[in-house]
There are 2 protein chains.
Amino acid sequence: MNDFNDSPISISTQALERMPYYLQHLKQLQKEGITVIASPAIAADLSLNEVQVRKDLAAVSTSKGKPKSGFIISDLIYNMENILGYHNVKDAVLVGAGYLGSALLSYKGFDSCGMHIVAAFDIDDTIVGTELCGKKVLPVNKLSGMCRRMNIHIGIIAVPEDQAQTVCDQLVAGGILAVWNFAPVHLNTPETIMVKNENMAASLAILSKHLQEKIKQS
Amino acid sequence: MNDFNDSPISISTQALERMPYYLQHLKQLQKEGITVIASPAIAADLSLNEVQVRKDLAAVSTSKGKPKSGFIISDLIYNMENILGYHNVKDAVLVGAGYLGSALLSYKGFDSCGMHIVAAFDIDDTIVGTELCGKKVLPVNKLSGMCRRMNIHIGIIAVPEDQAQTVCDQLVAGGILAVWNFAPVHLNTPETIMVKNENMAASLAILSKHLQEKIKQS
DNA sequence: TAGATTGTTAATCGATTAACAATC
DNA sequence: TAGATTGTTAATCGATTAACAATC
């Protein structure tokens, strides 16, 4: 409850990725008027291992949990949001204002994570200049200039695969450091750039594959 | 190159999730007219560890690689698509025809993975009955009936969070076995149902968090 | 043949799970 | 006090990386 984002012990990658789920659930509980929760209860609710939850909570919580009762929910929420950086505003640009771009622009959840999409870019002249979900659509030739001028570090690529590399190069030229790529191609970037690939089709296919295996077993 | 999807040795979850990236890249190489590739080359192209790639290829390939030259690309592609089940058609239903639903419906990549979205459902009377990306939008009250009648096993939830649980219950009632959930809530389901959560906001936030850590280090 | 690449066995690493004493 | 839950140390598990002989 005290200082800022000074995460002392580093949290494992996997634990970090579980945090949003804990957070979601804790906020739900809070909405229902519950103020204190113990790790075995969370584990049961989210179908996770008790020890895992206990360790995850211990890793993020600044205040200690009380044996028998557990943790104060509001404290946990604060700590988790802090660890995840939800309390700082982080700007991003979106390239590609098609269906997927629109979906991302309209996504309410970004705000509560401190993520802010500053502007959308597109090459299509018929939509450049219009507004989409309350944000101006700008021409791609302004992309790298704007990133640099506004000191933006995150770029989201939601363009067809044959344009993705070009867009990526422009983002890099604009000084972007991290790319969230929805185009199903491998992007070539300098080693310093962080790329997170999101392949919708592959995700669904893998879900289906896991399902098949599960059916086969039983 | 011989028999069907009879994956003898089970492939690790993580390896399976790398397959679509290999596949993407191999198809690209094939398009460029290349017919043979060695694992160190793939590793270099995709910035992966050489041994990892070698093991992954060995795990899926039915034909052996030749020392010095490597693997025949067309064989690898066939094997990977087979492992991932791209050669079978798998039906799915989509619930929620908003921006995100539209993005998923219009997504070209599903076809090549053998995934087929049969229909979209929504509660909004103003869009029920219309066509979206070439697919009829049906009323949600037909959801579970249609799933059962058509023997569909996969449901995609792209509705606001407060409707997600209801929709999920209807999918389960319709006999669905796997759920791809885009709503930021934990869904309560029978243990036999497979749920894959996709939290856009959290994904972006975690990317940003990793970026912050990387900046801090250097 | 010499050298690159293969398949495979062993060593390392990281994360999950189990065990247990400390505490409200 | 008794019992549930905590924090922490140790054991297990799975995946990645390293090492090396076999081969085209």
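Side chains included, hydrogens not; waters and symmetry mates left out as well; all remaining heavy atoms used. Per chain, numbering begins at 1; letters A, B, ... match sequence-line order.
At the heavy-atom level, B:K64 lies under 4.0 Å from the strands shown only through sugar-phosphate atoms.
We find that CD of A:E17 is positioned 16 Å from P of C:dG14, with the value rounded to whole Å. Rounded to an integer number of Å, the gap from B:Q14 CD to C:dA15 C1' is 10 Å. Rounded to whole angstrom, the span from the CD atom of B:E50 across to the C1' atom of C:dT5 amounts to 9 Å. In this structure, B:N49 places its CG atom 13 Å from P of C:dT6, rounding to the nearest Å. Taking atom CD1 of B:I72 as the reference point, atom P of C:dT5 lies 17 Å away to the nearest angstrom. Put simply, CE on B:M19 is 13 Å from P on D:dA15, counting in whole angstrom units. Atom CG of A:D75 is separated from atom C1' of D:dT6 by 16 Å (rounded to the nearest Å). Protein atom CG of A:D56 is 15 Å distant from nucleotide atom C1' of D:dT6, rounded to whole Å.
Side-chain nitrogen and oxygen atoms of A:S69 include none within less than 4.0 Å of the OP1 or OP2 phosphate oxygen of D:dA4. For C:dT16, the OP1/OP2 oxygens have a side-chain nitrogen or oxygen of A:R18 closer than 4.0 Å. Note on A:Q52: a side-chain N or O is less than 4.0 Å away from OP1 or OP2 of C:dT16.
Ring-plane geometry between B:W180 and B:F110 is classed as perpendicular, the angle between the planes exceeding 60 degrees on a 0 to 90 degree scale with a lower cut at 30.
Taking a cutoff of 4.0 Å between a charged side-chain nitrogen and a carboxylate oxygen, A:E50 and A:K55 do not qualify as a salt bridge. One finds no salt bridge joining A:K108 and B:E161 here, because no Lys/Arg side-chain nitrogen approaches an Asp/Glu carboxylate oxygen to under 4.0 Å. The pair A:K209-A:E213 meets the salt-bridge criterion, since a charged nitrogen lies less than 4.0 angstrom from a carboxylate oxygen.
For A:R54, taking side-chain heavy atoms from C-beta onward, the closest of the listed nucleotides C:dT17, D:dT6, D:dT17 is D:dT6. Among the nucleotides C:dT6, D:dT17, C:dT23, the one closest to the side chain of A:P67 is C:dT23. For A:F71, the listed nucleotide lying nearest its side chain is D:dT6; candidates were D:dT6, C:dT5, C:dA18. Among the nucleotides D:dT6, C:dC24, C:dA4, the one closest to the side chain of A:K68 is C:dC24. Listed candidates were D:dT6, C:dG7, D:dA18. Nearest to the side chain of A:P40 is D:dT6.
Of all nucleotides present, only C:dT12 satisfies the Watson-Crick or G-U wobble test against D:dA15, with each distance under 3.5 Å. Pair assignment for D:dA22: C:dT5, on the basis of Watson-Crick or G-U wobble contacts that are both within less than 3.5 Å.
The 5' end of DNA chain C is approached more closely, in terms of each residue's nearest nucleotide, by A:K55 than by the other of A:K55 and A:K66. Across the interface with DNA chain C, nearest-nucleotide mapping of B:I37 and A:T13 shows B:I37 to be the residue nearer the 5′ end.
Counting only N and O atoms by type, the side chains of B:Y22 and B:D56 include a donor and acceptor under 3.5 Å apart.
Atom CG of B:L204 sits about 5.5 Å away from atom CD1 of A:I154, to the nearest 0.5 Å.
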